[in-house]
Amino acid sequence: MDSGNKLFVTDEGEDINVDQEQIVALETESRETNSKMDVDDEAKGEDEKGSAQPYEDDADPVVSEIPLNLLGTSKDLHVFQYVNRTKISGRKPLKLPAAGKVRYQENSSMWELDIPLDDSIFFNKEKINKDWEANDYQTLRGVGVPNAGQYAGFESNGQMYLVPVNSVAQLRPYFKYIDDSNYKKKQDDIKQQTSNVPQRAHVVTMSVKSVSEQQQNRLTGSLMAHKILDEEEPLNLEWDRSENGIKLKEDIIEEMKKHRLKAVCTEEQYLSNLV
Amino acid sequence: MVSQKRSHSHDHEKDDSFDDLLKPVYKGKKLTDAIDTAEDKWNLLPAFLKVKGLVKQHLDSFNYFVDKDLKKIIEANQVILSDVDPEFYLKYVDIRIGEKSTGSKEKLVPPHECRLRDMTYSAPIYVDIEYTRGRNIIMHKDVEIGRMPIMLRSNKCILNGADQKVMAKLNECPLDPGGYFIVNGTEKVILVQEQLSKNRIIVEADEKKSIVQASVTSSTHERKSKTYVVTKNGKIYLKHNSIAEEVPIAIILKACGIVSDLEIMQLVCGNDSSYQDIFAINLEEAVKLNISTQQQALEYIGSKVKTIRRQKLSILQEGIEAIATTVIAHLTVEALDFREKALYIAMMTRRVVMAIENPKMVDDRDYVGNKRLELAGQLISLLFEDLFKKFNSDFKASIDKVLKKPNRAMEYDALLSINVHSNNITSGLNRAISTGNWSLKRFKMERAGVTHVLSRLSYISALGMMTRISSQFEKSRKVSGPRALQPSQFGMLCTADTPEGEACGLVKNLALMTHITTDDEEDPIKKLCYMLGVEDITLIDSASLHLNYGVHLNGTLIGTTRFPLNFVSQFRQLRRTGRVSEFVSIYTNSHQQAVHIATDGGRICRPLIIVSNGKSHVKAEHLKELLEGKLDFDDFLKLGLVEYLDVNEENDCFIALYEKDLSNRSTHLEIEPFTVLGAVAGLIPYPHHNQSPRNTYQCAMGKQAIGAIGYNQFKRIDTLLYLMIYPQQPMVKTKTIELIDYDKLPAGQNATVAVMSYSGYDIEDALVLNKASIDRGFGRCETRRKTTTVLKRYPNHTQDIIGGMRVDENNNPIWQHEALGPDGLGEVGVKVNSGQIYINKSVPTNASDSVLTSTQSQYKETPVVYRSPVPSHIDQVMMSVSENDQALIKVLLRQNRRPELGDKFSSRHGQKGVCGIIVNHEDMPFNDEGISPDIIMNPHGFPSRMTVGKMIELVSGKAGVLNGSLEYGTCFGGSKLEDMSQILVENGYNYSGKDMLYSGVTGECLQAYIFFGPIYYQKLKHMVLDKMHARARGPRAVLTRQPTEGRSRDGGLRLGEMERDCVIAYGASQLLLERLMISSDAFEVDVCHKCGLMGYSGWCTTCKSAEFIVKMTIPYAAKLLFQELLAMNIAPRLRLEDLFKE
């Protein structure tokens, strides 16, 4: 993703390792690779293909070749994309926010992050207390989309280390407080209406529903998914502010040293499997 | 020229018919001669047709349906659950047509027998099911759930792969292309249907009303719906049938989870400030309605939804359901993430914004690339799924009925009730194909006229029908767009073959070398795109979406690529090596900054030779190997020499027409330019020299020509068949003629034509025919007409019978029964005259009561009487049993006809004419060699028609006759006129084809040289014998007592309104009276001149008196009118006056 874009600023990715309940600030770069192939072979193969083509969109020369290391096992990595966050504020690059609270609903793979707001500038504290119920954080929410073929990587000693990514979540603001206050207002309205209207006796008709009819009313598709989401208790996670990221990197490098990936098939075979 | 037999060293299976295709000598080159240039690349054509055939599109689509689509349908409707018993389930595991799980194939009744016995050519549909019985799970294989009509020559047909011998044994014509069904004995074709492409965005603009709209017709197995993104007062809204009003686009996007205005702007407009200016106003809409969160937006939409559901949903749930399944229904969201949908709607909006900014960024509905062709397989698949769903719900209902009973004595076996409904599928399929009414409940769709009876007028008319494409447009609407010739139809749809009149341009025909794709799997292609470096759309943030080229798979954005050209060429590389299906198309659209990949079915495509660096990939050695049979067409695809391009991809390529046009920029080379024409237009010699409408006229007439229809033509018993007695192959052929075997089943004769005036009976294109030619068999044809009778059985055990012949006192049969044999049926070979009986059938008088009450059964004679001015001969008598066990009798009557005055003929250049006079041989002009013409044609036929091709045909034909060779008039090629003239000169004739003729009447030399030579003439089906009609008296209609209408009812000839005006103007009142009343419906009424009403038998019922009754004559229709008015409480009273007072 290039930032030739002048008006809008692109986002950055960040990884959170859930297993160890720690936060790692890794510089992520996703790259197409595949786990079955010998990495070096693939890199070469691509280069050859690239140069063999008569039509080059623009000059895209090979600058240097970097050895790749692939982690075969999953580290349960989840990538967050802060879709609406600007990269710079004025001229200073913004630091990645540290979330106050992290909630995760595993069955729906729904992430919710509470990011504390900078209340020093452009912030009306009174309004918070008056209109919205004391909110000094912004809630970001996003669904983790399962992903195959994406890797998070970091560079160490001129080598590239790649770890498979479980899911990618694009985080967008979630204005729950607006919905809540709306709901409250509506409830109040209903209450008022009902209290204003004098109670009158009215006829209640009841019908007996057959069992079979009820069974037909099953929610399906997206409605079902929303129902599951509403019913699921979120998992509260800690945001790790320590520098454990470095240790994780070392762990990964260690782990990769132990295993060397072997290609189970040739490039030809792989391609024919693929298509 | 010497023709030399080649000895083959075939790797592939030997195919006699294919060899014949390769035999002819072309452009003076024998096949054994060295092939040094790729000029002989036309040889790819027979190779293509060998693999693909002319009706391959029908067969492919049916095969796909039977082999793949059926399985998908079963999978989608796999399980039947019971509402009563939660334990119960029934699951379909597999489905097969005509084949058991053991692999043993069902023996089908051969197609010809089906034709003769009025049966349906079908195979059983077997399913494997798994279901519960009590506590056990039971697997049951090969359960028949109905019968599926089988397309002839498809892979389920017994003719599939049959050689000539087998075909002959089964009474089939080996040249018959197949691709049709036989339902209740009639051959039915499902015409190719043309439609706008599904699941693609089409942007249209109305500049006058300043409306821009992007629409997409979503089509899934479950539903069809259309979503619009439209402008209204400069703002953009989303419109859908099941949402009550237009929803502002910003709200829709917020409902999809794109809550921030910034991101909406990024998705729709990207960086482009002019787009941003146009779009910005839409963001205000959401603010005005005070909607800022996703939930608010969903609730807003939910409150507008007007779908009626059985299940009550909350407003929020309605909103979710609307976004997830209703809008853009082909992208159904199953989970929580609406991003895919948001992107699609944003793309639609972006296209609208682009079209507002630049009005040229709209799509053309008539562009062939935006069209999809729906074939037999797809149509049957839709129908079958509907019937299968109905079958399942009926089945489920009957299961529930049994399971509901609380205490059953026995364990319930669901299998017992499966067979009850199996007739629904069989009869549903049969009914739809035989009536052509396609009714699909789930789409609430009714379509009529989907199927047609296969026209067997001639071989070419049957072929023409198989390649025909009918459009969904209304014929009556006066629109020019859909009817116009589209540049994009080059090589895909025939440029000449379309009917005249109301369907002009709406009914099209496929070109010779086209293929129609079937559906391909999307997922592997998607994976491959990611492999080739496409960035996954789920990972791309909204800001960088429009920086790069978007990659669209079947209209849906799946990712972006930075190097579109690289990506496209790599993709093409993989396709050329056979790693991707050859029918997947890929092209870049730089206006939309997009790469489009299409895998869907119904796209028209055609093969082209691949070119790189200005050199054709197909070299002489490849063609040599092709001729030797070492390679076939598919090998050319695999070797990357040839590839299929669809219309969209063609636009991304640079195609050279001839090898000499190749440059470094060329990407492809045309195989043969004459493939722009279809099978029917391919018959025309030198069409490139004709005025274009003439070729179109010939396409219509070629289908009416009488000729041979198949090798099995004498075995067929059709309702009406025209056959030419001595058909000839044309002297001037075309490559297409050889490719489609028209030379083996021709429809016409080579007539020696003199272009001159003769006798004055040749005005208005009338032809002068030579009597001697007719005597020798020119234009002679026969008609064969079928009569079918069924001997019915009745509930009281009586049945129709065939009586024997009745004899007179000398034991000779009476005159009416002269044609009958002792069995009461006409004897084969006997002549039948008008009024004679050829099936002596009797029906029981009492068919309802029990036999016991009436001891002796009585019969009434209902013989089939022959009625025609000309006698017929009995050609065939067939007696058989139909599917429902009733005796079936078919009698075929034959008439032999020689040309007579008024019979219609035409050459192959859209020049028709009737026979104006038949002249004795001695009166015809003759040349030095004593040759006199078969036909004299008036030269006035040429100047305005400009059919130069006809003149060249004559010269080439004449040269061919003198040379002893068949010449070629192939489009954009063929024998050169110079060469032909050379041959004429060498043989002592004038180079121009003109001869000196002598008058047959005076014997003098004619004043001018006469253009004289052979032209191929077709006899058309319109013959005087079938049309001539006169009547003195005859039947009258019951209601009005006026003469009946029409020749078939022996009707009168109408003196119409305009003729009446003429007679009035002339003042011939007595003639008027005679024509309009006396000869029509004169009726004597009793009128009471006191009350003015009509009475009867001299008595006025109103006045109760006979005193004032007067008799007068009025038309019966007038009397009827008065009575009808009376019935409406209006009393028309006649006030009578004596005109001639004494």
Side-chain angles (χ1 to χ4, degrees), chain A residues 1-11 13 30 32 34 46 49-50 53-58 60 79 81-84 108-110 142-143 145 147 149-150 168 170 172-176 178-179 182 211-213 215-227 229 271-272 274-275, chain B residues 83-84 86 257-260 262-263 265-266 270-271 273 276 292-296 310-313 316-317 320-321 323-325 332-339 400 524-525 527-528 530-531 533 535-536 538-544 547 562-566 568-570 573-574 579-580 612:
Chain A
M1 280 160 249
D2 146 327
S3 55
N5 187 347
K6 282 150 213 153
L7 192 85
F8 303 113
V9 182
T10 55
D11 66 326
S30 19
E32 290 288 325
N34 64 75
E46 254 188 22
K49 245 184 246 162
Q53 288 313 311
Y55 303 108
E56 286 283 356
D57 283 19
D58 45 63
D60 192 21
V79 175
Q81 291 182 313
Y82 295 88
V83 182
N84 293 94
S108 316
S109 69
M110 177 66 88
V143 190
V145 180
N147 211 290
Q150 295 289 328
V168 181
Q170 296 197 327
R172 294 192 172 80
Y174 177 50
F175 308 107
K176 193 166 188 306
I178 298 181
D179 290 335
N182 271 351
V211 191
S212 61
E213 259 173 65
Q215 274 184 339
Q216 278 174 359
N217 294 348
R218 287 187 197 121
L219 292 176
T220 49
S222 191
L223 288 177
M224 190 66 192
H226 277 87
K227 196 171 171 240
L229 177 75
L271 274 175
S272 53
L274 195 75
V275 184
Chain B
D83 292 335
V84 184
I258 313 294
V259 280
S260 89
L262 173 75
E263 203 182 351
M265 197 61 129
Q266 287 171 331
N271 266 339
S273 57
Q276 285 165 6
S292 45
T293 70
Q294 181 176 13
Q295 190 173 333
Q296 283 173 328
R310 218 187 296 157
Q311 186 179 4
K312 189 90 179 107
L313 295 178
L316 178 66
Q317 281 177 320
I320 294 171
E321 185 70 8
I323 294 293
T325 60
T332 305
V333 178
E334 290 290 339
L336 299 164
D337 190 27
F338 291 142
R339 187 169 148 82
D400 279 354
I525 301 293
K527 245 200 233 162
L528 180 81
Y530 295 142
M531 285 299 304
E535 286 179 62
D536 192 340
T538 51
L539 299 171
I540 295 167
D541 62 311
S542 312
S544 44
L547 297 177
R562 258 201 286 176
F563 309 107
L565 291 183
N566 242 339
V568 169
S569 63
Q570 279 176 18
Q573 206 58 46
L574 286 174
R579 300 223 180 264
V580 187
S612 57

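The figures here come from the full heavy-atom set of this structure, side chains too, leaving out hydrogens, waters and symmetry mates. The chains referred to below are lettered A, B, ... by the order of the sequence lines, with proteins before strands, and numbering in each begins at 1.
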| query | Rounded to the nearest 0.5 Å, how far does CD1 of Ile320(B) lie from NZ of Lys227(A)? | reply | 12.5 Å
| Nearest-0.5 Å distance, CD of residue Gln296(B) to CG of residue Asn182(A) | 4.5 Å
| request: Keeping the roles fixed (side chain from Gln81(A), backbone from Ile540(B)), state whether a donor-acceptor pair exists under 3.5 Å. | output: no
| task | Just do the side-chain contact (heavy atoms from CB on, under 4.5 Å) check on Leu539(B) and Val145(A) with the steps written out, would you? | result | CA-CA 9 Å; Leu539(B) 299 171; Val145(A) 180; over 6 Å; no
| note | Okay, Ser273(B) and chain A: the region with an atom under 4.5 Å from a heavy atom over there is neither
| remark: Closest heavy-atom pair, Ser542(B) versus Arg172(A), reported as atoms and distance to 0.1 Å, is OG-NH2, 4.3 Å
| query | In terms of heavy-atom proximity below 4.5 Å to chain A, should Leu313(B) be classed as side chain, backbone, both, or neither? | reply | side chain
| request: Between chain A and each of Asp337(B), Thr538(B), Leu336(B), count heavy-atom pairs under 4.5 Å; write down the option with the most. | output: Leu336(B)
| After noting the C-alpha distance and the side-chain angles of Glu321(B) and His226(A), does the key distance pass the side-chain contact (heavy atoms from CB on, under 4.5 Å) rule? | CA-CA 11 Å; Glu321(B) 185 70 8; His226(A) 277 87; over 6 Å; no
| Could you state the interatomic distance from OG1 (Thr293(B)) to CG (Asp179(A)), rounded to the nearest 0.5 Å? | 3.5 Å
| field | Gap between atom OH of Tyr82(A) and atom CG of Asp541(B) - 0.5 Å precision | value | 14.5 Å
| request: For Val259(B) and Pro173(A), work out which heavy atoms get closest and say how close. | output: CG2-O, 3.5 Å
